[in-house]
Amino acid sequence: QVLDVLLSREEWVHDPIDEMEGGHVQAAEIDAARRQRLLALNDTELRSRVARLFGDAVGGDRQDVVNAHLVALSLRGDPTRGALVFKKRCAACHEFRGVGQPVGPDLAALTDVSPLSLLTSILDPNRIFEAKYVNYLAVTKQGRTYTGMLSVEAGESIALINQEKKQELILRRDLELLRSSGQSMMPDGFE
């Protein structure tokens, strides 16, 4: 939660990055959604430092990642363990059988998806996704930074909804920057 607060004000982000560079916080301790937020910072010097710290944990050839995990398709599933993984890793944005938050696509609607297609969607979420799930970056004139899906676009304001289903209303007169990342709100790096 502290990192979320720090991420909302870029000038405060130096401390967690310093902590990572000093070895006090390991890159592996930062979940995929927060990695994506750090890598979307407006400050190019900060983005560069973060990218160095995460190294191979993000980016790269996503098809290589999918290929490296194809063996999972031959394993026998365990619905009980799968439900626990879903609750821990997916329920913040997806709802399934009454568990989770309906921020991302409705997983109950995926009745005809092959295991390979599902694996690919999880490990390479930017390969194919609906435009309504694109992630945006908004920076206010006061220096606050927000990321999330555009949930409201009105004449005088916009609203972004983040992975925790928290909606931030921002007046257009306060906006310094609003840009699409061109990527899904679902981050890379779940492997």
Shared hydrophobic cluster for Leu171 and Leu178 (ILVMFWY, side-chain gaps under 4.5 Å): no
Any chance you could measure [X], atom [atom1], to [Y], atom [atom2], to the nearest 0.5 Å?
X      : Y      : atom1 : atom2 : answer
Lys165 : Met149 : NZ    : CE    : 10.0 Å
Leu107 : Leu118 : CG    : CG    : 8.0 Å
Tyr146 : Leu169 : OH    : CG    : 10.0 Å
Leu116 : Leu73  : CG    : CG    : 6.0 Å
Cys90  : Met186 : SG    : CE    : 6.5 Å
Phe86  : His94  : CZ    : NE2   : 7.5 Å

Closest contact, heavy atoms only, [X] versus [Y]:
X      : Y      : answer
Ala154 : Arg172 : O-NE, 2.9 Å
Ser184 : Pro125 : CB-O, 3.7 Å
Ala91  : Lys87  : CB-O, 3.6 Å
Thr120 : Arg127 : CG2-NH1, 3.5 Å
Leu137 : Thr145 : CD1-CG2, 3.3 Å
Lys141 : Glu176 : CA-OE1, 3.8 Å

Close side-chain approach of Asn126 to Arg62, heavy-atom, < 4.5 Å: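 No - every pair of side-chain heavy atoms lies 4.5 Å or more apart.
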side-chain contact (heavy atoms from CB on, under 4.5 Å) assessment of Leu70 paired with Asn67: CA-CA 5 Å; Leu70 288 175; Asn67 291 343; 3.9 Å; yes
More than 12 heavy atoms of other groups within 6.0 Å of Ile128 CD1: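 Check fails, neighbour count at 12 or below.
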Test side-chain contact (heavy atoms from CB on, under 4.5 Å) applied to Val152 and Gln167, step by step: CA-CA 9 Å; Val152 174; Gln167 186 164 286; 4.3 Å; yes
Ile122 vs His69, side-chain contact (heavy atoms from CB on, under 4.5 Å): CA-CA, chis, key distance, verdict: CA-CA 11 Å; Ile122 292 168; His69 290 83; over 6 Å; no
Exam field: side chain Thr140 to backbone Asp174, donor-acceptor pair closer than 3.5 Å: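 Not confirmed, Thr140 side chain does not pair with Asp174 backbone.
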